[in-house]
A.B. asks: 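Please find one structure pasted underneath; my questions will follow.
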Amino acid sequence: KLVAETTLTPDDLIAPLFVKEGITDAQPIASMPGIFQHTLQSLRKEVNDIVNAGVNSVILFGIPEHKDADGSQGDHPNGIVQQAIAQLKDDHGDNLVVITDDCLDEYTDHGHCGILNEDCHVNNDATLERYASIAIAQAQAGADMIAPSGMMDGQVGAIRHALDQNGFTDLPIMAYSAKYASAEYGPFRDAAECAPSFGDRRSYQMQAANQREALLEVELDVTEGADIIMVKPALAYLDVIKAIRDMFPQPIAAYHVSGEYAMLKAAAQNGWIDGDAVALEHLTAIKRAGADLILTYLSKEVAPLL
Ligand code: PBG
């Protein structure tokens, strides 16, 4: 330990959580062993367990009962995520950082991250208004940080402006700045029930071949007011994390995504790898590349090992 150049601690970890409206019991997600779609009640217990394991940050994803073209439940004052935020802040106050994903795919019936034009393409600027409204609803419910994940141009600026106009001048933004159109999001789309019903997300997410473009995306987000910048997924993009680290002073978050978790779990369950050892190796590598924070479904199980 004396000569370790990189240290992983529970303070680095953010646990992603799913909360679903209209279910009476937590539902296991087949492609993500150990991860559940929670009821408000089971979420409360899960977060207690996470906090007891030493992790103090969570990010919430909501699955509403009713989905429509505009994703109207996303900014509804009684939307499932808004209820979850209020409950968790009630339970934990300032001891828990409650981050909220600000996007539309969990809320729209077509599963895309934005409002669609008649030709079925995403309308970037109409979507920004929705993201701004969702951010305000989440802030009013008590969120500690807003995390826009839709990759629409101008989303950070639009959300910053809306938060400032509504008195939330101190609320930080963690921007999904370099989010790739990855095949590693499959299990998340089962969990959040948000796979696009047609097409894909390549018109708004980045292509895997590009690193310089990530620097441009980060620069735009930082200029618009991003406080923390994110790279997603993590392990296939360590060079991107490193390149951003070398150019920007902002804290970097890396999202170890659902597919990365699923691959690790599948191999471990088959006895093909030592799951705990590989988990620690992977998360340490993400920090070594330059990330300060890691969003990972491994948070609760890894924290006691540190
Ligand atoms: C979009 C969003 C996605 C993830 C986080 N936010 C899915 C997507 O872009 O299709 C994926 C996270 C994961 O795979 O763990 N709201």
Side-chain angles (χ1 to χ4, degrees), residues 16-23 26-32 35-39 59-76 78-84 100-135 137-138 146-155 158-159 176 178-208 230 232-233 255 257-263 295 297:
L17 294 165
F18 303 99
V19 57
K20 180 169 173 174
E21 197 173 34
I23 51 171
Q27 305 290 318
I29 300 155
S31 51
M32 301 179 74
I35 305 296
F36 293 81
Q37 293 177 325
H38 284 286
T39 66
I59 181 164
L60 300 178
F61 298 93
I63 306 125
E65 214 169 351
H66 168 72
K67 300 191 182 208
D68 53 31
D70 297 330
S72 59
Q73 286 301 304
D75 52 346
H76 194 286
N78 285 327
I80 187 69
V81 163
Q82 280 67 262
Q83 292 187 49
T100 46
D101 190 79
D102 182 347
C103 197
L104 279 169
D105 59 330
E106 300 104 292
Y107 301 105
T108 52
D109 49 10
H110 47 70
H112 275 287
C113 296
I115 300 297
L116 300 183
N117 283 329
E118 271 162 32
D119 66 1
C120 285
H121 283 92
V122 169
N123 181 327
N124 189 93
D125 292 5
T127 302
L128 298 185
E129 288 175 30
R130 297 293 300 127
Y131 288 174
S133 179
I134 293 171
Q138 293 172 342
I146 309 296
S149 71
M151 285 295 278
M152 299 303 150
D153 292 341
Q155 63 183 16
I159 290 169
Y176 288 68
K179 178 175 177 182
Y180 286 84
S182 172
E184 296 182 314
Y185 306 149
F188 175 96
R189 292 176 189 172
D190 297 340
E193 300 174 10
C194 68
S197 56
F198 63 89
D200 55 47
R201 305 208 201 289
R202 285 183 297 170
S203 68
Y204 37 99
Q205 299 181 350
M206 289 177 52
Q207 65 156 311
M230 195 198 296
K232 175 181 170 197
Y255 201 141
V257 300
S258 57
E260 299 177 273
Y261 176 83
M263 289 189 281
L295 297 88
Y297 304 97

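One is the number of the first residue; the rest follow in order along the sequence.
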A.B. asks: Under 3.5 Å, is there a donor-acceptor pair between the side chain of Gln82 and the main chain of His76?
C.D. replies: yes

A.B. asks: Return the NE2 to CG distance between His38 and Leu60, rounded to the nearest 0.5 Å.
C.D. replies: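 His38 NE2 to Leu60 CG: 10.5 Å, rounded to 0.5 Å.
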
A.B. asks: Under the ring pair (Phe, Tyr, Trp, His ring centres under 6.0 Å) test, which residues partner Tyr261, sequence neighbours left out?
C.D. replies: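 Counting only residues at least two positions away or on another chain, Tyr261 forms a ring pair (Phe, Tyr, Trp, His ring centres under 6.0 Å) with Tyr297.
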
A.B. asks: Would the distance check show the side chain of Glu21 and the main-chain N or O of Glu65 forming a donor-acceptor pair, the cut-off being under 3.5 Å?
C.D. replies: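 Here the side-chain-to-backbone pair exists.
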
A.B. asks: Among residues at least two apart in sequence or on other chains, which ones pass salt bridge (Lys or Arg N to Asp or Glu O under 4.0 Å) with Glu193?
C.D. replies: Lys20

A.B. asks: Cation over ring, Lys232 on Tyr185, under 6.0 Å and within 45°?
C.D. replies: yes

A.B. asks: Using only atom types and a distance under 3.5 Å, with no angle test, would you say the side chain of Asp102 pairs donor to acceptor with the backbone of Ile146?
C.D. replies: no

A.B. asks: Drop me the distance from Asp68's CG to Tyr107's OH, to the nearest 0.5 angstrom.
C.D. replies: 12.0 Å

A.B. asks: Check whether any side-chain heavy atom of Ile80 lies under 4.5 Å from a side-chain heavy atom of Gln73, and answer yes or no.
C.D. replies: no

A.B. asks: So how far is it from Ser72 OG to His66 NE2, rounded to the nearest 0.5 Å?
C.D. replies: 4.5 Å

A.B. asks: Might you point out which heavy atoms bring Ala158 and Ala132 nearest each other, and give the distance in Å?
C.D. replies: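 Heavy atoms of Ala158 and Ala132 come nearest at O-CB, 4.1 Å.
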
A.B. asks: Let me see the working for Cys113 and Met152 under side-chain contact (heavy atoms from CB on, under 4.5 Å), right down to the final yes or no.
C.D. replies: CA-CA 9 Å; Cys113 296; Met152 299 303 150; 4.2 Å; yes

A.B. asks: Can you find a heavy atom in the side chain of Val257 that is under 4.5 Å from one in the side chain of Tyr180?
C.D. replies: no

A.B. asks: Quick one: list whatever passes ring pair (Phe, Tyr, Trp, His ring centres under 6.0 Å) with Tyr176, sequence neighbours left out.
C.D. replies: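 Partners of Tyr176 under the ring pair (Phe, Tyr, Trp, His ring centres under 6.0 Å) test: none.
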
A.B. asks: For residues Ala147 and Ile59, report the shortest heavy-atom separation together with the two atoms involved.
C.D. replies: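 The answer is CB-CD1, 4.0 Å.
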
A.B. asks: Over all heavy atoms of both residues, which pair between Gln205 and Ser182 is shortest? Give the atoms and the distance, please.
C.D. replies: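 That closest heavy-atom pairing would be OE1-N, 4.2 Å.
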
A.B. asks: Say whether, by atom type as modelled, one donor and one acceptor occur between the side chain of Asp200 and the main chain of Arg202 under 3.5 angstrom.
C.D. replies: yes

A.B. asks: Strictly distance-based, threshold 3.5 Å: is any side-chain N or O of Tyr131 a donor or acceptor partner for the main-chain N or O of Pro148?
C.D. replies: no

A.B. asks: Indicate the atoms forming the closest heavy-atom contact of Thr39 with Ala26, along with that distance.
C.D. replies: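 Thr39 and Ala26 have their closest heavy atoms at CG2-N, 4.0 Å.
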
A.B. asks: Please name the pair of heavy atoms, one in Ala135 and one in Ile159, separated by the smallest distance, quoted to 0.1 Å.
C.D. replies: CB-CG2, 3.7 Å

A.B. asks: Does Asp101 have any salt bridge (Lys or Arg N to Asp or Glu O under 4.0 Å) partners at least two apart in sequence or in another chain, and if so, which?
C.D. replies: none

A.B. asks: Kindly write out the residues that satisfy side-chain hydrogen bond (donor to acceptor under 3.5 Å, both in side chains) with Asn123, not counting sequence neighbours, or none if the list is empty.
C.D. replies: Asn117

A.B. asks: Between OG of Ser31 and CE of Met263, what distance do you get to the nearest 0.5 Å?
C.D. replies: 12.0 Å

A.B. asks: So does Asn78 get a backbone contact from the side chain of Gln83, meaning a donor-acceptor N/O pair under 3.5 Å?
C.D. replies: yes

A.B. asks: List in chain and number order the residues that pass side-chain hydrogen bond (donor to acceptor under 3.5 Å, both in side chains) with Thr100, two or more places apart in sequence or in another chain; answer none if no residue qualifies.
C.D. replies: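 For Thr100 the side-chain hydrogen bond (donor to acceptor under 3.5 Å, both in side chains) partners, ignoring immediate neighbours, are Gln138.
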
A.B. asks: Is the shortest heavy-atom distance from the side chain of Phe61 to the side chain of Cys103 under 4.5 Å?
C.D. replies: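 Side chain of Phe61 against side chain of Cys103, heavy atoms only: no contact under 4.5 Å found.
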
A.B. asks: Is the backbone of Ala192 close enough, under 3.5 Å, to the side chain of Gln37 for a donor and an acceptor to pair up by distance?
C.D. replies: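 Flag not set: sc Gln37 to bb Ala192 has no pair under 3.5 Å.
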
A.B. asks: Which residue is it: Arg130, Arg189, Arg201, Lys67? I am looking for the one with a salt bridge (Lys or Arg N to Asp or Glu O under 4.0 Å) to Asp105.
C.D. replies: Arg201

A.B. asks: At what distance, to the nearest 0.5 angstrom, does CG of Leu104 lie from OG of Ser149?
C.D. replies: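 Result: 9.0 Å between the selected atoms.
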
A.B. asks: Can you name the nearest heavy-atom pair linking Ala191 to Ile29, along with the distance?
C.D. replies: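 Distance-wise, the nearest heavy atoms are CB-CD1, 3.4 Å.
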
A.B. asks: Are Leu116 and Phe198 packed together at the side-chain level, in the sense that at least one heavy-atom pair is separated by less than 4.5 angstrom?
C.D. replies: yes

A.B. asks: To the closest 0.5 Å, what do you measure between CD (Glu184) and CD (Glu260)?
C.D. replies: 4.5 Å

A.B. asks: Taking the side chain as everything from C-beta on, heavy atoms only, tell me whether Thr127 gets closer than 4.5 Å to Asn124.
C.D. replies: no

A.B. asks: For the residue pair Lys179 and Tyr255, establish whether any side-chain heavy-atom pair is separated by less than 4.5 Å.
C.D. replies: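 Lys179 vs Tyr255: side chains apart.
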
